[in-house]
Amino acid sequence: MATMAISKSKLPDLSKIKPVDEIGVNERVERFCTRSIKNEAKNTALKLTLSMIDLTTLEGQDTPGKVKQLCQKAIHLHSSLPGLPSVAAVCVYPTMIGTAREALKNHDIRIASVATAFPSGMSTRSVKLMETKYAVSEGADEIDMVISRGAMLAGEYSAVFDEIAAIKEACGTAHLKVILETGELGTLDRVRKASELAIHAGADFIKTSTGKIQPAATMQTTLVMLQAIRDHYHATGNKVGMKPAGGISTSKLAIHYLVMLRETLGNDWLTPALFRFGASSLANDVLMQLQRQTDGLYQSPDYFSKD
Amino acid sequence: MTPKSKAQDKSNTNKARTRVSKTYKLFIAGKFPRTESGRYYAFTAQSAGSSFKANICTSSRKDFRNAVVAARSVQKSWAAASACLRGQILYRLAEILEDRRDQFIGELILQGASIKHANKEVDASIDRLVYYAGWSDKYQQIFSNVNPVSSSHFNFSILEPTGVVAILPPAAEENQCGLLGMISNIAPAIVGGNTCVFLTNEKQPLTAISFAEVIQASDVPGGVVNILTGSNVELMALFASHKDVNSLVHMEKSLEDNKKIQELASENLKRVICRSEMRWHENIAESPYMIEETQEVKTTWHPIGN
C-alpha cells in the first residue's frame, strides 16, 4: 500500500489517462436514475443524505446573524421529527468561522471554510496560502479551495498541481477539499485530468463546483470524478472523498447521487467521512420527505424553518 | 379530370381514411403529460348513435403532487401580475373559447348534452369568463376598506390571494355537462391571483382537457391552472390533506364527505368552500363573492402623527 508523504507526491502522467466516453457516461447516469427505491431504503437514504450535507452560506451579504441562524438550523434540523442525524458541517467564508465556532461549540458539527480567493481563485499563491492559514487558525476543520481554472485551461498542469500541494501543506490537520469548478472546465476529459491532479496533490475530497457558476454539479461530472477516485483507490488503496455541490436541491436527485456513489465506489463511501453534498436548500426538502414518510401527508415549506 | 385529381378521387372512394383521434392527457405546468401511474379508464359517448370512445387518464396521488408543485412555483409571479393583465388573459380565454365553440359543442354532446343545451352552455361559459375578466381590477375596491379606528393609525384592509386552490369536481347532474361548472370555479380563483388544481368529473373529461388547450393558447402562464382527470373518490382525501394547498373548493353534498374533508383540511387550516347548492346556469353562480371566497383579508395598522 502506498503511504507516500505528500511532499514527495508527483505530478501524474496525464497523457496516460484514457479519454472519457461521454455517451457511455450519459447512458450510465440515465440508468442510475431508474432504480426503484422502496420505502425502507428511501428512509435510510434520506437520513444518510441529511448526515452528508454541508449546510452552506456563501454570499456577499452574509452577516454574523445569518451564520448563527444557519448553525441553529444545523443543530436543530426539525425538532418535531425525533432521531434525525445532524448535518456533517456548515460551510462559510473565513471571516465567519469565529461566529460559527461560537454557535456550534459543544456540538459535533464540523466547520468548513472556503479559502484561496473563492470563488474565482484569481489571486497570488502567497495570498491564497495566507488565507488558508488564517482559516485554519480560526478553527476551520475543513478547507474548500478552488483550483486556478485559468492555469488548468492554459495547460499549466504543474502550476495547478503545485498550488494544491502547497495549500494541502498549509492546511495541516484540516481536511482539504479541492473544488474543480467543472462548469468552467468545459469537457469531461478536463474534469478527469483535474481530478487526477487534485487527488495526486493530496486532496482529501474533490468537489465539483463553487455553486456560483452554471452548470454546477451534474451527475455526469460527478460520475467522472467518482471514476477517478475509484481508479486511484484500485492503484494505491487510498480513499478520497467526493463532494458534489450546487444545484442539488431535491431529495430525489440526492438519492440518485447516492445510488451512483454506491454503484461506482461501493458501501465504503456511504459515509459523511467520504461523501458530502454542498447545498443550502436540500436539507429542507429531505426533511419534508421524511415528515411525509412519517405522517403520510404531502408537506409545505411553510412548516419548516428557513436557514 | 387531371391525373392528379383522379388519383385523389380514387383514394377517397376506395379506402376510408383512418381518423387520427386525440389522446386526452392531463394538464400540468402548461404541459400535457400522461398520468405517471399509467392507469386509465374508458370513456364512451353519452349521446345516442355515437361510437366515440376514448381512454382517459386516471390521475394518481403523484400527479396531484406534481400539479401542486407546479401551481405553487408560479403562484407568486401570477399574483404579482397586474390586475389589468390578469383581466386581459381571462378575456383572451373567452376569445379562444368563442373561436372553438363548435369543438366544445361537439364534446358537450358526447358528454350527454342536447344540441340546444350544448349551445347554451358554451355561450354561458364564454360570458362567464368575460364576467370575471371584468372583475379583475374591481373586486379589490369593493372588498377593501379604510377602517375607522380610535387611535393614531391609518388602518386599512385589502385582499390577498390565499395561494394554491384545489378544486374537486362538481357532481355530474348539477354541473349539467361539464364546461360551465368548471369555468365557474376556475375563473374566480385565478382572477384573484391564486393558482389552482382542478379535478374534473369522471363523466366529463373531454371538455376539461380541451379547455386546457384553450388555456395553453391564451397566455395563461404554465402552472396557473392544472387539470387532472380521474376518480373523485380516490383523490378527495389527498386534495383535502395536502399541506401545500391553501384552499379547497368542493361540491360534496353528503354530511359524511363534508366532515371528512373538513377534518383533513384542518391539518393546515385550509380554507374550505362548499358550493354544493350552486346552480351553474343561473346568474347567482357568478358573483364577486366567489372571488372573495379564495382571498385572505390583510389589515394594516399604519401609525400617523396627530
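Residue numbers start from 1 in every chain, and the chains themselves are labelled A, B, ... in the order their sequence lines are given, proteins ahead of strands.
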Exercise. So which part of B:Arg61 gets closer than 4.5 Å to some heavy atom of chain A, the side chain, the backbone, both or neither?
Worked result: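 Answer is both: backbone and side chain atoms of B:Arg61 are under 4.5 Å from chain A.
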
Problem set entry | Part of B:Leu264 within contact of chain A (heavy atom distance under 4.5 Å) | neither

For this session: With sequence neighbours excluded, tell me which residues meet salt bridge (Lys or Arg N to Asp or Glu O under 4.0 Å) with A:Lys68.
Result: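 Not a single residue meets the salt bridge (Lys or Arg N to Asp or Glu O under 4.0 Å) criterion with A:Lys68.
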
Problem set entry | B:Lys243 vs A:Tyr298, side chain to side chain contact (heavy atoms under 4.5 Å, CB included): CA-CA, chis, key distance, verdict | CA-CA 6 Å; B:Lys243 289 178 94 169; A:Tyr298 282 118; over 6 Å; no

Exercise. Hey, which of A:Pro301, A:Ser300, A:Gly296 has the most heavy atom pairs under 4.5 Å with chain B?
Worked result: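 Heavy-atom pairs under 4.5 Å are most numerous for A:Ser300.
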
For this session: Please round to the nearest 0.5 Å and tell me the distance separating atom CG of B:Asn268 and atom CD of A:Gln299.
Result: 9.5 Å

Taking everything shown except [X] itself, do over 12 heavy atoms lie less than 6.0 Å from its [atom1]?
X	atom1	value
A:Phe304	CZ	yes
A:Arg35	CZ	yes
B:Tyr41	OH	yes
A:Gln293	CD	yes

Exercise. Would you say A:Leu297 and B:His242 make side-chain contact, with heavy atoms under 4.5 Å?
Worked result: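 No, their side chains stay 4.5 Å or more apart.
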
